[in-house]
Amino acid sequence: MSLYQIQNFINGKKVAGSGAEMVTLNPATNKVLAKGKESTAADVDAAVKAARAGFEIWKNTPAAERARVLFKAAQILRDRNDELALVETRDTGRAIQETEIVDVISGVECLEYFAGVAGSLSGEHIDLGGNFAYTRREAVGVCGAIGAWNYPIQIACWKAAPALACGNAVVYKPSEVTPLSAIAVAEALQQAGLPDGVYNVVQGARTCGAALTEHPDVDKISLTGSAETGAKVAAVAAGGMKAVTMELGGKSPMIVFEDADLDNAVSGAQMANFYSSGQICSNGTRVFVHESVAEAFIEKLIVRSKNLVLGDPEKPETQVGPIVTKAQFDKIMSYIEAGKGEGAKCVLGGHAVSENMPKGGLFVAPTIFTNCTDDMTIVHEEIFGPVMSVLTFKDEDEVIKRANDTQYGLAAGVFTRDLSRGHRVVARLEAGTCWINTYNITPIEMPFGGVKKSGVGRENGRAAIEHYTRIKSVYVETGDVEAPY
């Protein structure tokens with residue numbers, strides 16, 4: 001397999017960065033996957049200048065034309081689904097059976113959704129009894145967007161689609177760990193007719209992200225990342241009075257009541273912990289189970305989780321792939337050891353796996369801890385790996401209080417046959433995105449985001465439009481102007 005090239009995309013052209021060398025590894029083999037150069041502050045400046053020039057064209061482009069570009073780009077990406085899914089698998093280590101049906105398709109659906117929304121953007125007329133006022137919904141300007149490494153092409157589209165539909169220009173920085181698919185989005189948009197400079201890509205790590213965040217001609221920052229990174233980026237953005245959207249980390253609860261369908265609840269718990277090797281910000285890693293059904297739930301959970309297929313992510317039968325980087329692998333393993341040391345009972349997994357795996361791969365067995373308490377490190381800190389903590393509870397008020405006892409508030413799930421209770425409980429949970437009798441389903445039509453340290457603002461749905469537009473109010477006098485002097 002030949003090496004991939006890490007490139008920038010500035011003003012309609014693929015160009016090399018001018019900074020230090022970048023190298024990424026395939027998580028399944030620990031072999032070099034891609035090489036290139038990081039973007040310097042000068043590269044970021046060139047991208048922002050291109051975006052500013054492109055913005056002046058794009059903001060005045062009729063909404064119907066903006067929609068046509070997004071629809072066409074979506075089709076171009078859809079036609080490349082299998083090719084790009086393989087790129088995502090090699091870049092992230094996630095199983096091909098996931099990337100073929102989720103990553104590109106989710107991005108495509110986002111482009112299509114906001115293409116449909118573009119033509120409906122409007123202000124309002126306010127009757128003032130002869131005189132009147134109206135509002136204009138206008139684009140924010142140049143949007144700096146910073147992505148995470150777990151769903152690269154999906155995140156790129158989730159940020160680009162609403163921004164472009166509203167008439168903004170974008171400078172996007174993918175994670176330095178997974179830099180490849182952002183260029184595919186840029187190419188699709190260009191082929192679809194997007195003017196040069198409207199969508200740009202810069203590559204690099206923290207210094208590149210800092211240069212983008214600090215740039216005086218960037219009007220908005222949208223970040224997907226950790227709570228710690230979000231706090232730093234938000235502080236810098238505040239200094240420049242930039243608008244921000246932050247989709248950050250989580251330590252989400254999934255609650256299984258005594259009347260729940262346990263087979264469905266087990267499915268939900270597996271999806272909330274082992275999909276994408278557990279590397280999903282909204283994962284329900286604190287699984288609260290009513291004490292009366294805990295034993296039956298855990299038995300079913302262990303039996304089914306033993307059958308998960310761990311291995312080469314490029315093989316169609318693989319369900320759980322490797323961890324994305326050695327640093328993340330080491331972090332996960334340290335949490336597993338902390339769980340064991342603090343008295344949690346490891347009933348499945350709890351170790352790295354090398355036998356029958358691709359040589360050099362970073363594989364962690366799907367891990368389940370029981371006998372957990374709220375004060376354990378594995379229960380209150382985000383792990384971002386295939387590690388589930390099972391806790392028991394006695395009643396509704398108790399579990400809601402415990403579920404909310406966290407600095408995070410990204411997501412939550414409730415399993416119960418009593419839908420009145422389901423609605424009642426989610427109303428009391430401090431989380432931005434909730435599910436009843438399922439988990440981790442995120443249709444583009446539904447806003448997604450968190451509260452507390454899990455972020456501000458929303459992605460997807462019409463709610464995203466509020467974060468990529470500004471309201472301008474206009475008062476119209478229809479008569480003479482009276483003045484007291």
Side-chain angles (χ1 to χ4, degrees), residues 3-25 32-55 87-88 91-92 141-150 152-153 155-160 163-164 168-190 194-226 229-230 232-233 236-237 239-240 242 244 324-325 327:
L3 293 181
Y4 292 97
Q5 295 299 309
I6 302 171
Q7 295 179 300
N8 292 339
F9 191 91
I10 298 175
N11 203 28
K13 296 182 177 63
K14 289 192 288 188
V15 294
S18 53
E21 185 179 40
M22 284 182 69
V23 177
T24 64
L25 305 178
V32 174
L33 177 69
K35 286 186 176 183
K37 290 191 174 182
E38 290 193 34
S39 300
T40 62
D43 295 325
V44 172
D45 183 61
V48 173
K49 286 179 178 176
R52 180 58 61 184
F55 172 63
V87 171
E88 293 293 79
D91 221 8
T92 67
V142 175
C143 299
I146 302 173
W149 46 257
N150 55 342
I153 198 167
I155 293 171
C157 292
W158 279 21
K159 296 186 185 304
L164 297 177
N168 299 286
V170 177
V171 179
Y172 182 66
K173 188 199 88 67
S175 168
E176 67 276 16
V177 175
T178 53
L180 298 178
S181 59
I183 295 296
V185 175
E187 290 174 328
L189 288 165
Q190 182 188 48
L194 188 73
D196 290 347
V198 180
Y199 185 84
N200 307 272
V201 177
V202 292
Q203 305 279 9
R206 292 180 181 179
T207 56
C208 179
L212 182 59
T213 304
E214 294 167 0
H215 199 289
D217 211 21
V218 170
D219 302 293
K220 172 188 169 63
I221 295 292
S222 174
L223 168 74
T224 299
S226 70
T229 300
K232 294 174 183 176
V233 170
V236 174
K242 304 180 194 294
V244 297
V324 68
T325 63

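All residue numbers refer to positions in the sequence shown, counting from 1.
A pairwise comparison of heavy atoms in Ala34 and Ile6 identifies CB-CG1, 3.7 Å as the closest pair. Residues Val48 and Val218 approach most closely at CG2-CG2, 3.8 Å, considering heavy atoms. Minimum interatomic distance between Ile221 and Leu212 (heavy atoms only, all atoms of both residues): CD1-O, 4.1 Å. Closest heavy-atom contact between Ile10 and Ala50: CG2-CB, 4.3 Å. Pairing each heavy atom of Ala145 with each of Lys159, the nearest pair is CB-CD, 3.6 Å. Scanning both residues, Ala51 and Val171, for their nearest heavy atoms gives CB-CG2, 3.8 Å.
In this structure, the side chain of Lys232 does not engage the main chain of Ala210 through any donor-acceptor pair within 3.5 Å. Side chain of Ser226 to main chain of Thr229: a donor-acceptor pair is present (N/O by atom type, distance under 3.5 Å, no hydrogens or angles).
For the pair Glu88/Ile153, a side-chain contact is recorded, criterion being any heavy-atom separation below 4.5 Å from C-beta on. Two residues are said to be in side-chain contact when any heavy atoms from C-beta on lie closer than 4.5 Å; Ser175 and Asn150 fail this criterion. A 4.5 Å side-chain heavy-atom check between Asp219 and Asn168 finds every atom pair outside the cut-off. Side-chain atoms of Val198 and Leu189, non-hydrogen and from C-beta on, never get closer than 4.5 Å to each other. Between Leu223 and Val244, every side-chain heavy-atom pair lies at or beyond the 4.5 Å cut-off.
Under the side chain to side chain contact (heavy atoms under 4.5 Å, CB included) criterion, Ala182 pairs with Tyr172, Pro174, Val201, not counting sequence neighbours. Residues that satisfy the side-chain hydrogen bond (donor to acceptor under 3.5 Å, both in side chains) test with Ser39, not counting sequence neighbours, are Asn8. Applying the side-chain hydrogen bond (donor to acceptor under 3.5 Å, both in side chains) rule to Lys49 yields the partners Asp45; only residues at least two apart in sequence or on another chain are considered. Remark: Lys14 pairs with Glu187 by the side-chain hydrogen bond (donor to acceptor under 3.5 Å, both in side chains) rule, at least two apart or across chains.
Listed by first then second residue, pairs satisfying side-chain hydrogen bond (donor to acceptor under 3.5 Å, both in side chains) with a partner in residues 200-213 number zero, not counting sequence neighbours.
A distance of 8.5 Å separates CG of Asp91 from OH of Tyr4, quoted to the nearest 0.5 Å. To the nearest 0.5 angstrom, Gln7 atom CD is 13.5 Å from Lys13 atom NZ.
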Name every donor-acceptor pair, under 3.5 Å, that has one atom in a side chain of residues 17-25 and the other anywhere in the protein, sequence neighbours excluded.
from, atom 1, to, atom 2, distance (Å)
Ser18, OG, Thr40, OG1, 3.1
Ser18, OG, Asp43, OD1, 3.0
Ser18, OG, Asp43, OD2, 2.8

